[in-house]
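Step one of this worksheet: look at the structure below.
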Amino acid sequence: CGDMLARKVWTRSEETCWQRAEVTFGEGEKLTLYVEETDEVIQDVAASELCEIDPTHDADLKDIVTMNNLHEAPILHLLHRRLGEQQIYTWAGDDVLLSINPYHHVPLYGLEALAHAAEAKSDADEPHIYTLARRAHRDLLSSSQSHSIVISGESVRRMSFTPVGA
């Protein structure tokens, strides 16, 4: 465990699912962690229960698959950060668009957003339902194969929706 000293890691949290910590001591297979956010010391944590923090875990990524050391903790951290910035859409590869319900109005739709998506020159655009629709339409026109779009999710009390036509 000596090589883990001073490393930044993700560790489980009852309040937030995962939290950041720094390894401050290691003896055998058990480590001692310091959680700066809560000023808490956690003892006797097994190294196997941790995930090392990679610099890409703090990057503002538009596509989750570009993250190194892909793990539940940094994925949730990225989605939470993007939600706080009113960016409810995140790519998960070329064909999968994740959407987080903000439970309030987010001004991401309308004619201006639709025009912006229609005028985009590349597929490296901001994640958005309009971009996904543009990609699907382009692929449908350029191939003779059948296509499908799967929309899956849950809406609590019908508070969320994604406009499918504008």
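Hydrogens, waters and symmetry mates play no part in the numbers below; they use all other heavy atoms, side chains included.
- Taken together through direct or relayed side-chain contacts under 4.5 Å among Ile, Leu, Val, Met, Phe, Trp and Tyr, Val106 and Leu114 form part of one hydrophobic cluster.
- Residues Leu50 and Arg7 form no side-chain contact, since every pair of their non-hydrogen atoms from C-beta on lies 4.5 Å or further apart.
- A distance-only check finds a donor-acceptor pair linking the side chain of Arg135 to the backbone of Asp94 [under 3.5 Å].
- Taken to the nearest 0.5 Å, the CG atom of Asp139 stands 7.0 Å off from the CG atom of Asp95.
- Salt bridge annotation for Arg20-Glu36: absent, with no cationic side-chain nitrogen under 4.0 angstrom from a carboxylate oxygen.
- The structure places NZ of Lys62 at 11.5 Å from CH2 of Trp91, a figure rounded to the nearest 0.5 Å.
- Looking only at side-chain heavy atoms (C-beta outward), His77 and Trp18 stay at 4.5 Å or farther from each other.
- Here the CG atom belonging to Leu83 is positioned 11.0 Å from the CG atom belonging to Leu78, to the nearest 0.5 angstrom.
- Follow the hydrophobic side-chain contacts under 4.5 Å out from Val45 and you never reach Ile53; the two are in separate clusters.
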Any chance you could lay out the side-chain contact (heavy atoms from CB on, under 4.5 Å) test for Ile100 and His80, step after step, and finish with the verdict? CA-CA 9 Å; Ile100 305 293; His80 185 261; over 6 Å; no
side-chain contact (heavy atoms from CB on, under 4.5 Å) between Ile42 and Gln19, worked out: CA-CA 12 Å; Ile42 305 172; Gln19 62 190 354; 3.7 Å; yes
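- How far NE2 of His71 is from CG of Asp54: 13.0 Å, rounded to the nearest 0.5 Å.
- For the residue pair His57/Trp10, the side-chain donor-acceptor check at 3.5 Å is satisfied.
- Counting heavy-atom neighbours within 6.0 Å of Glu37 CD, excluding the residue itself, gives a total of 12 or less.
- With a 6.0 Å radius and a threshold of 12 heavy atoms from other residues, nucleotides or ligands, Asn68 has its CG atom above the threshold.
- Side chain of Thr16 to main chain of Ser13: no donor-acceptor pair is present (N/O by atom type, distance under 3.5 Å, no hydrogens or angles).
- Within the 3.5 Å criterion, the main-chain N or O of Thr24 finds no donor-acceptor partner in the side chain of Thr32.
- In the hydrophobic clustering of this structure, Leu97 groups with Leu70; members are Ile, Leu, Val, Met, Phe, Trp, Tyr whose side-chain heavy atoms approach within less than 4.5 Å, directly or through other members.
- Here the closest heavy-atom approach between residue Ile75 and residue Met67 is recorded as N-SD, 4.3 Å.
- There is no path of hydrophobic side-chain contacts, each under 4.5 Å, that joins Val35 to Phe25.
- Using a 4.5 Å cut-off on side-chain heavy atoms (C-beta onward), Ile129 and Ser99 make no contact.
- Listed here is the closest heavy atom pair of Ala92 and Val65: C-CG1, 4.0 Å.
- Looking at Val23 and Val9, their side chains come closer than 4.5 Å, going by heavy atoms from C-beta outward.
- Without hydrogens or angle criteria, His128 side chain to Leu108 main chain gives a donor-acceptor distance under 3.5 Å.
- Taking the side chain as every heavy atom from C-beta outward, Thr38 and Glu15 never approach each other to under 4.5 Å.
- Residues Leu31 and Gly26 come closest through the heavy atom pair CD2-CA, 3.7 Å.
- Summarising the geometry, atom CG belonging to Asp44 is positioned 10.5 Å from atom CD belonging to Glu49; distances are rounded to the nearest 0.5 Å.
- Rounding to the nearest 0.5 Å places CG of Leu132 at 5.5 Å from CD1 of Ile149.
- Checked by atom type and distance alone, the side chain of Asn69 pairs as donor or acceptor with a backbone atom of Glu52 at under 3.5 Å.
- In this structure, the side chains of Glu27 and Gln43 stay at 4.5 Å or more apart for every pair of heavy atoms.
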